[in-house]
Amino acid sequence: LSLLVFLYTATTSINQISQAFNFLPKTFNFMLTITFSLIPVIFQEAKTIILLQKCRGYHSLNPLPVIIPLLHRTLKRSEQIALTMASRGY
């Protein structure tokens with residue numbers, strides 16, 4: 001299911017995604033649009049974290065050292081988005 005969502009978000013523009021969920025209330029539509037648009041960004045962040053850890057000499061099959069920084073960066077990004085939305089009056 002995650003692969004299908006990733007494929008859908010990678011091949012579809014944000015405007016088309018927003019139009020597909022037009023039957024939902026405006027707040028839910030906006031929430032889903034932001035969520036779908038951030039999925040490729042999260043995958044890119046994970047690749048960056050893995051590359052940085054390899055550069056530092058850390059090679060492990062344990063996913064925890066990738067998940068913790070990824071969660072931190074994702075929450076930081078969502079906080080920035082929330083502050084931007086609040087400052088614009090949404």
Heavy-atom closest pair, residues [X] and [Y]:
X	Y	result
Asn22	Asn29	CA-ND2, 4.0 Å
Pro69	Gln53	CG-NE2, 4.3 Å
Leu70	Ile42	CD1-O, 3.6 Å

Exercise. To the nearest 0.5 Å, what is the distance between CG (Leu75) and CZ (Arg77)?
Worked result: 11.5 Å
For this session: Give, for atom NZ of Lys76 and atom OG of Ser78, the distance between the pair rounded to the nearest 0.5 Å.
Result: 11.5 Å
With hydrophobic residues grouped by side-chain heavy-atom distances under 4.5 Å, do [X] and [Y] end up in a single group?
X	Y	value
Tyr58	Leu52	no
Ile67	Ile39	no
Leu32	Phe23	yes

Exercise. Would you call Ile49 and Gln44 a side-chain contact if the rule is heavy atoms closer than 4.5 Å?
Worked result: no
Problem set entry | Residue Phe28 excluded, over 12 heavy atoms near CZ under 6.0 Å | no
For this session: Using modelled atom types only, decide if a donor and an acceptor are shared between the side chain of Glu45 and the backbone of Thr74 within a distance under 3.5 Å.
Result: no
Exercise. Should Gln16 and Thr11 be marked as a side-chain contact (heavy atoms from CB on, under 4.5 Å) after you check the CA-CA gap, both sets of side-chain angles, and the distance that decides it?
Worked result: CA-CA 10 Å; Gln16 291 173 336; Thr11 59; over 6 Å; no
